[in-house]
Amino acid sequence: AGQYEEAMSLFQQVVDAEPSIADAQQGLARALFVLGDCAGAIEHQGAAVQLLTINGTYTVFGDILLECGRVDEAIVAYETGIDLDPEVVRTHFVLAQAYMADGRKEDAIREFNRTIELDSDGEFIDRSQRFLQQLQSQLPTQIPLQNPRRPPVTRAASSAIGCCWACSG
């Protein structure tokens with residue numbers, strides 16, 4: 001905690017001297033968040049998104065809001081980030097998780113599928129597929145699962161063959 005307290009102090013000095021520096025606002029927000037000050041973190045990351053309107057600042061804002069239990073506001077932040085740059089894979093992934101937290105299963109499935117479509121590096125594919133399986137098992141109707149290398153497989157089809165790409169390790 002000592003390093004974060006020191007960082008918080010330094011960022012606070014910069015913000016006090018020049019509140020229009022988005023990186024200082026965001027740095028202060030992150031330090032405050034780690035130190036458990038959700039209100040302060042939200043305030044300063046909110047200032048950062050006003051100063052630097054890009055996907056990254058909105059995604060960090062969504063992360064802070066989500067971790068602080070403000071799911072609806074996190075969803076809005078993530079959606080704004082996607083509006084600003086729809087190709088950022090991580091933003092789709094965390095938006096899907098926020099939708100899950102909000103009980104919006106079909107929206108979550110759509111975003112996990114979009115994550116898989118966009119994820120050329122494969123960083124989020126396995127986790128997205130696991131979440132999709134979990135969500136699919138909770139829905140009364142079949143929504144296709146997505147795989148970048150294979151056609152969509154529904155739960156009904158995977159049951160008929162005994163297993164599928166998503167359940168193999």
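This chain uses plain numbering: 1 for the first residue, then up along the sequence.
- Proximity of a side-chain donor or acceptor of H44 to a complementary backbone N or O of V15 within less than 3.5 Å is not detected.
- The closest side-chain donor-acceptor pair between D119 and T115, if any, does not fall under 3.5 angstrom.
- Scanning both residues, A74 and G62, for their nearest heavy atoms gives CB-O, 3.4 Å.
- How far CD1 of I109 is from CD of Q136: 5.0 Å, rounded to the nearest 0.5 Å.
- Heavy atoms only, all atoms of each residue included: A48 and A22 are closest at CB-O, 3.9 Å.
- Hydrophobic clustering keeps V88 apart from F61 (ILVMFWY residues linked when any side-chain heavy atoms are closer than 4.5 Å, directly or through intermediates).
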### Task
Could you please spell out the steps behind the side-chain contact (heavy atoms from CB on, under 4.5 Å) verdict for Y78 and L66?
CA-CA 10 Å; Y78 293 137; L66 187 62; 4.0 Å; yes

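- Note: H92 NE2 to Y99 OH = 10.0 Å, rounded to the nearest 0.5 Å.
- Rounding to the nearest 0.5 Å gives a distance of 7.5 Å between CG of L135 and NZ of K105.
- A donor-acceptor pair shorter than 3.5 Å cannot be found between the side chains of Q45 and Q25.
- In the model, E117 has no side-chain atom that pairs as donor or acceptor with a side-chain atom of N113 under 3.5 Å.
- Heavy-atom minimum distance, G40 versus D37: N-OD1, 2.8 Å.
- Hydrophobic clustering (side-chain heavy atoms under 4.5 Å, transitive across Ile, Leu, Val, Met, Phe, Trp, Tyr) keeps L51 apart from F11.
- For the pair E79 and I82, the minimum side-chain heavy-atom distance is 4.5 Å or more.
- Residue L32 is not grouped with residue I21 when hydrophobic side chains (ILVMFWY) are merged at heavy-atom distances under 4.5 angstrom, including chains of intermediate members.
- In this structure, L10 is not a member of the same hydrophobic cluster as Y4, with clusters built from ILVMFWY side-chain heavy atoms closer than 4.5 Å.
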### Task
Go through the steps for I42 and C68 under the test side-chain contact (heavy atoms from CB on, under 4.5 Å), then give the verdict.
CA-CA 9 Å; I42 290 168; C68 291; 4.1 Å; yes

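- Pairs passing the salt bridge (charged side-chain N to carboxylate O under 4.0 Å, His left out) check and including a residue from residues 84-95, sequence neighbours excluded, read D63-R90, E87-R114.
- Side-chain contact between V89 and E123 is absent, with no heavy-atom pair separated by less than 4.5 Å.
- At least one side-chain heavy atom of M100 sits less than 4.5 Å from a side-chain heavy atom of F112.
- In this structure, the side chains of D72 and V76 stay at 4.5 Å or more apart for every pair of heavy atoms.
- Contact between G81 and N55 at its shortest, heavy atoms only, is O-ND2, 2.8 Å.
- L118 and F131 fall within a single hydrophobic cluster, where Ile, Leu, Val, Met, Phe, Trp and Tyr side chains are chained together by heavy-atom contacts under 4.5 Å.
- At a threshold of 4.5 Å between non-hydrogen side-chain atoms, the residues Y58 and D83 do not count as touching.
- The minimum heavy-atom distance between A96 and A108, with the atom names listed, is O-CB, 3.5 Å.
- Of all non-hydrogen atoms in S137 and Q134, the two that sit nearest each other are OG-O, 2.7 Å.
- For D107, the side chain to side chain donor-acceptor pair (under 3.5 Å) partners at least two apart in sequence or on another chain are R104, R110.
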### Task
May I have the step-by-step check of side-chain contact (heavy atoms from CB on, under 4.5 Å) for I75 and D102, ending in yes or no?
CA-CA 9 Å; I75 289 170; D102 199 40; 3.9 Å; yes

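- Considering only heavy atoms from C-beta on, Q97 comes within 4.5 Å of F93 through its side chain.
- The structure places OG of S120 at 8.5 Å from CD1 of I125, a figure rounded to the nearest 0.5 Å.
- With values rounded to the nearest 0.5 angstrom, T91 atom OG1 is found 10.0 Å from E111 atom CD.
- Not a single donor-acceptor pair under 3.5 Å links the side chain of T57 to the backbone N or O of T53.
- Here the CZ atom belonging to R130 is positioned 9.5 Å from the CD atom belonging to Q133, to the nearest 0.5 angstrom.
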